Amino acid sequence: MEAPGTIHSDRSMRTPSSGLADSPVTRAESQATPLEAEVVGHFDRFREPLLRYLLSFGLSVADGEEVVQEVFLALFQHLHRGGPRSNLRGWLFRVAHNLGLRRRYQTLRGKCAEPEAGEWMQDPGPDPEEQMLSGETQQRLQAVLRALPEQDRRCLTLRAEGLRYREIADVLTMSLGAVSLSLTRSLARISRAAAR
């Protein structure tokens with residue numbers, strides 16, 4: 001008779017493993033919860049638009065990818081806590097916006113005042129091959145886009161990603177009227193440049 005509370009290993013009670021399919025990791029992966037499946041679905045749908053938006057901040061692709069991962073981790077936590085599911089697209093872009101700004105600030109703060117050899121920033125303008133192929137109208141349009149204020153560029157980028165005016169206003173914490181004015185102003189400048 002054993003003493004109460006005695007801990008022992010009962011190997012005879014275990015069934016032998018019949019291969020990889022019975023491993024706990026594989027079972028866990030194959031049994032994704034509905035929440036995990038939902039987040040993966042959103043990831044598949046919104047990863048590229050979010051990454052494009054983050055790259056418009058001047059982030060590197062690697063930094064953008066990391067921020068996207070952080071966004072979807074935040075989404076999982078938000079939904080796991082029972083957060084609202086209404087307008088998740090706007091919510092994702094808002095979180096990406098905030099995390100992207102934070103990452104850009106950290107990147108800029110971490111750089112030295114004088115870049116080392118080989119670290120000079122590239123000219124943001126098109127390279128000679130692109131200039132030759134794009135033509136004069138394309139060059140004017142690119143110049144207009146580069147000359148837009150940062151807030152106007154962000155509004156235009158979010159609109160190009162399919163966000164509605166109200167969603168853009170939420171993401172950029174602007175009024176609906178300010179979003180409308182920004183987009184109208186930006187599109188008028190682009191139209192004038194294209195008409196020349």
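Just so it is clear, the model here is predicted, and its values are computed rather than measured. Computed from heavy atoms alone, side chains included, the values below leave out hydrogens, waters and symmetry copies.
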Revision key, fill the gap. In terms of heavy-atom contacts, Ser182 and Asp152 come closest through OG-OD1, 2.6 Å
Point to revise | Heavy-atom closest pair, residues Asp170 and Asn87 | key: OD2-ND2, 4.3 Å
Review point. According to the salt bridge (charged side-chain N to carboxylate O under 4.0 Å, His left out) rule, which pairs have a member within residues 41-50, sequence neighbours left out?
Key: Arg47-Glu65
Check your understanding: Is Leu145 close to Leu148 at the side-chain level, that is, under 4.5 Å between some pair of heavy atoms?
Key -> yes
Check your understanding: Is there a donor-acceptor pair closer than 3.5 Å between any side-chain N or O of Thr157 and the backbone N or O of Arg153?
Key -> yes
Exercise for review: Apply side chain to side chain contact (heavy atoms under 4.5 Å, CB included) to Glu161 and Glu167, showing your working.
Suggested key: CA-CA 11 Å; Glu161 291 298 342; Glu167 291 172 321; over 6 Å; no
Practice item. Measure across Gly64 and Leu59 and return the closest heavy-atom pair with its distance rounded to 0.1 Å. Key: N-CB, 4.4 Å
Exercise for review: Starting from the C-alpha separation in whole Å, work towards a yes-or-no answer on side chain to side chain contact (heavy atoms under 4.5 Å, CB included) for Leu172 and Val179.
Suggested key: CA-CA 9 Å; Leu172 299 176; Val179 170; 5.8 Å; no
Exercise for review: Measure the spacing between CZ of Arg89 and CG of Leu50 and express it to the nearest 0.5 Å.
Suggested key: 11.0 Å
Check your understanding: Are any side-chain N or O atoms of Arg159 and backbone N or O atoms of Leu163, one a donor and one an acceptor, separated by less than 3.5 Å?
Key -> yes
Check your understanding: Is there a side-chain contact between Phe46 and Leu88, using heavy atoms and a 4.5 Å cut-off?
Key -> no
Check your understanding: Taking all atoms of both residues into account, what is the closest heavy-atom pair of Thr107 and Asp63, and its distance?
Key -> OG1-OD2, 3.6 Å
Practice item. Compare every heavy atom of Tyr165 with every heavy atom of Ser180, then report the nearest pair and how far apart it is. Key: CA-CE2, 3.8 Å
Practice item. With sequence neighbours left out, write down each residue that passes side-chain hydrogen bond (donor to acceptor under 3.5 Å, both in side chains) with Glu66, or none if nothing qualifies. Key: Arg103
Review point. So His80 and Phe76, would you call those rings parallel, tilted or perpendicular, with 30° and 60° as cut-offs?
Key: parallel
Exercise for review: Under the side chain to side chain contact (heavy atoms under 4.5 Å, CB included) rule, what do Leu75 and Phe43 come out as? Steps first, then yes or no, please.
Suggested key: CA-CA 10 Å; Leu75 175 64; Phe43 179 84; over 6 Å; no
Point to revise | Atom pair OH/NE2 of Tyr53 and His97 - distance to nearest 0.5 Å | key: 5.0 Å
Check your understanding: Which pair of non-hydrogen atoms, one from Val67 and one from Gly100, has the smallest distance, and what is that distance?
Key -> CG1-N, 4.0 Å
Check your understanding: Can you name the residues that form a side-chain hydrogen bond (donor to acceptor under 3.5 Å, both in side chains) with Arg85, not counting sequence neighbours?
Key -> Glu38
Point to revise | Main-chain N/O of Pro84 paired to His78 side chain as donor or acceptor, under 3.5 Å | key: yes
